[in-house]
Amino acid sequence: MQELLTEAYGPVLNGNLLEEIAESGHFRDAEKGEMVMDIGDTIQGLPMLLQGAVKVLRVDDNGEELLLYFLESGDSCAMTLGSFFGSSKSSIRAVAEQDSKMVIVPLDKVHDWMGKHADFRQLVFESFNTRLKELIESMDSLAFMDLHGRVAKYLTDRVKVNGSTTLDTTHAEIAADLHTSRVVVSRILKQLEREGMLELHRNRIEVIAF
DNA sequence: TCATTAACACGGG
DNA sequence: CCCGTGTTAATGA
């Protein structure tokens, strides 16, 4: 775990702190597709992603989802910071996009280090800022783009976080993430395929160019 | 006009 | 067979 920590956070956090994290944090493993956190779950600490990618979703009363953003290795989840201001329940759902590994740092440690370590403070604030930007991006696409554009943005984002142009996914999953119906997703994907942007297979999409 | 819902056929694993 | 996929028809915003 020490190596994974160094790999993911070595450039921004000093060695002593990395050791402390390894000591007091709990290791957590998540298989692709596994739900890491759901709405209403108690937040035990600040998750720091070591490997893989996690998608963060909002869920409405009917259980319908909407993708907010992706977390990659070196990212931490901004929403958990809400627990400093009272609420200890999660307001989002997090699902592993790939097989992922992470460390959960207990909240009292986070509190402690926020005061003591400038590098840690910077990491948390930067992560918060990045998440906020991504959130604004998804709001923009929701408000200003048609579904065709949203699907295109969604695919490019997923290609980016997976580091691969091969996406193991289904039309239904895309529809759920974008909070729309599968029919439209199928139609739009078919159209993109005809334009030569991608190739469609069962449970798989090959992205050619965007 | 464009999205949604329901319904159906096809076919691959 | 089950499920993902591709399409159509009807309806709605």
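The sequence lines fix the lettering, A, B, ..., with proteins before strands; numbering per chain opens at 1. Given the structure is predicted, the values throughout are model-derived calculations rather than measurements.
Between A:K55 and A:E65 no salt bridge is recorded (no basic side-chain N to carboxylate O distance below 4.0 Å).
We find that CD of A:Q191 is positioned 14 Å from P of C:dG6, with the value rounded to whole Å. For A:L189 and C:dT5, the CG to P distance is 9 Å, given to the nearest whole Å. The separation between A:K190 atom NZ and C:dT5 atom P is 11 Å, rounded to whole Å. As a whole-Å value, the separation of A:E193 CD from C:dG6 P is 7 Å. When the P atom of C:dT5 is taken as reference, atom NE2 of A:H201 falls 11 Å away, rounded to whole Å.
Two residues are said to be in side-chain contact when any heavy atoms from C-beta on lie closer than 4.5 Å; A:L46 and A:F120 meet this criterion. In this structure, the side chains of A:I174 and A:I205 come closer than 4.5 Å at one or more pairs of heavy atoms. The shortest distance between side-chain heavy atoms of A:V124 and A:R121 does not fall below 4.5 Å.
For C:dG4, the base has no donor-acceptor partner in the side chain of A:R204 [N/O atoms by modelled type, under 3.5 angstrom].
Mapping heavy-atom proximity under 4.0 Å, the span of DNA chain B touched by chain A runs 5' to 3' from B:dA3 to B:dG12.
When each of A:S181 and A:R202 is assigned the nucleotide of DNA chain B with its nearest heavy atom, A:S181 is the one assigned upstream, toward the 5' end. Take the nearest nucleotide of DNA chain C for A:R187 and for A:T170: the residue whose nucleotide is more 5' is A:T170.
If you check every strand for non-hydrogen atoms under 4.0 Å, A:D146 touches nothing.
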Under 3.5 Å, which donor-acceptor pairs do the side chains of residues 24-32 of chain A form with other protein atoms, sequence neighbours left out?
residue	atom	partner	partner atom	Å
A:S24	OG	A:E20	O	2.9
A:R28	NH1	A:V36	O	3.4

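A donor-acceptor contact closer than 3.5 angstrom links the side chains of A:Y154 and A:R158.
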